[in-house]
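What you see is a predicted model; the values in this text were computed from it and never measured. Counting from 1, the numbers follow the sequence of the chain as shown.
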Amino acid sequence: MVTGGPTSARVDSWLWAVRLFKTRSQATAACRAGHVRVNGERVKAATTVTVGDEVRVRGGERERIVEVAKILVKRVGAPVAAAAMVDRSPAPLPREVYAVPRRDRGAGRPTKRDRREIERLRGY
């Protein structure tokens, strides 16, 4: 009897296989830190994913929301990896939003008021 492949995979292995992380250890660390959710719940690296699960990965500037379309356990080429998931992530914000205000060169050290305005703009 020939099967169509695995029916489930570890979440860290799948995230690495579909190229959401460069290394499997990075995917494991993200799971351990609580940055990965499967169907709305924080998961450990050994949690299994199946076709149809929604995986949310928080990292960098934005959150990636993908649906599992195919189970992969080994890293594959980019076109195959793209076909193994359905990307439902919102579009990234324009670069102007990330623009950090710059002080004029030679303007001296920022005052307490300037520092508070800079932090407010950065979102701290």
Side-chain angles (χ1 to χ4, degrees):
M1 181 167 115
V2 177
T3 61
T7 57
S8 65
R10 286 175 55 115
V11 68
D12 63 339
S13 177
W14 187 82
L15 289 170
W16 167 73
V18 297
R19 298 171 173 257
L20 290 177
F21 288 97
K22 286 186 178 183
T23 65
R24 184 168 171 191
S25 61
Q26 285 179 342
T28 304
C31 291
R32 197 175 298 129
H35 299 302
V36 178
R37 293 179 179 267
V38 175
N39 296 327
E41 295 185 22
R42 287 173 60 177
V43 295
K44 294 184 178 182
T47 303
T48 57
V49 292
T50 57
V51 174
D53 286 346
E54 179 191 67
V55 180
R56 290 176 178 255
V57 179
R58 196 170 35 113
E61 298 92 29
R62 65 187 193 131
E63 180 179 39
R64 298 287 306 265
I65 303 168
V66 295
E67 181 181 331
V68 179
K70 183 179 176 185
I71 299 297
L72 298 175
V73 291
K74 301 241 182 193
R75 196 156 170 107
V76 294
V80 179
M85 64 180 176
V86 179
D87 195 356
R88 301 192 191 287
S89 305
L93 296 173
R95 304 260 316 149
E96 298 86 42
V97 175
Y98 296 116
V100 177
R102 300 278 182 195
R103 291 181 54 84
D104 294 332
R105 192 163 178 91
R109 185 172 174 176
T111 63
K112 193 171 193 177
R113 180 180 176 189
D114 292 339
R115 182 182 51 80
R116 286 182 177 159
E117 287 178 4
I118 291 170
E119 288 177 356
R120 184 179 51 80
L121 287 171
R122 287 185 177 170
Y124 295 140

With the 4.5 Å side-chain cut-off for hydrophobic clustering, are [X] and [Y] part of the same group?
X: V86; Y: V36; answer: no
X: M85; Y: V80; answer: yes
X: W16; Y: V51; answer: no
X: V57; Y: V38; answer: yes

Which heavy atom in [X] sits nearest to a heavy atom in [Y], and how many Å separate them?
X: A83; Y: A69; value: O-CB, 3.9 Å
X: K44; Y: C31; value: C-CB, 4.1 Å
X: A17; Y: A81; value: O-CB, 4.0 Å
X: S13; Y: V73; value: OG-O, 3.3 Å
X: P6; Y: I71; value: O-CB, 3.7 Å

Rounded to the nearest 0.5 Å, how far apart are [atom1] of [X] and [atom2] of [Y]?
X: R24; Y: W14; atom1: CZ; atom2: CH2; value: 14.5 Å
X: N39; Y: T47; atom1: CG; atom2: OG1; value: 11.0 Å
X: T28; Y: Q26; atom1: OG1; atom2: CD; value: 10.0 Å
X: R56; Y: R88; atom1: CZ; atom2: CZ; value: 11.0 Å
X: T111; Y: R116; atom1: OG1; atom2: CZ; value: 9.5 Å
X: R42; Y: H35; atom1: CZ; atom2: NE2; value: 8.5 Å

Using only atom types and a distance under 3.5 Å, with no angle test, would you say the side chain of S89 pairs donor to acceptor with the backbone of I65?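 Yes.
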E119 atom CD: more than 12 heavy-atom contacts under 6.0 Å: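 Yes.
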Answer yes or no: are there more than 12 heavy-atom neighbours, outside R115 itself, under 6.0 Å from its atom CZ?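 Yes.
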Given side chains that start at C-beta, do those of T7 and T50 come closer than 4.5 Å, heavy atoms only?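 A side-chain contact is absent here, since even the closest heavy-atom pair is not under 4.5 Å.
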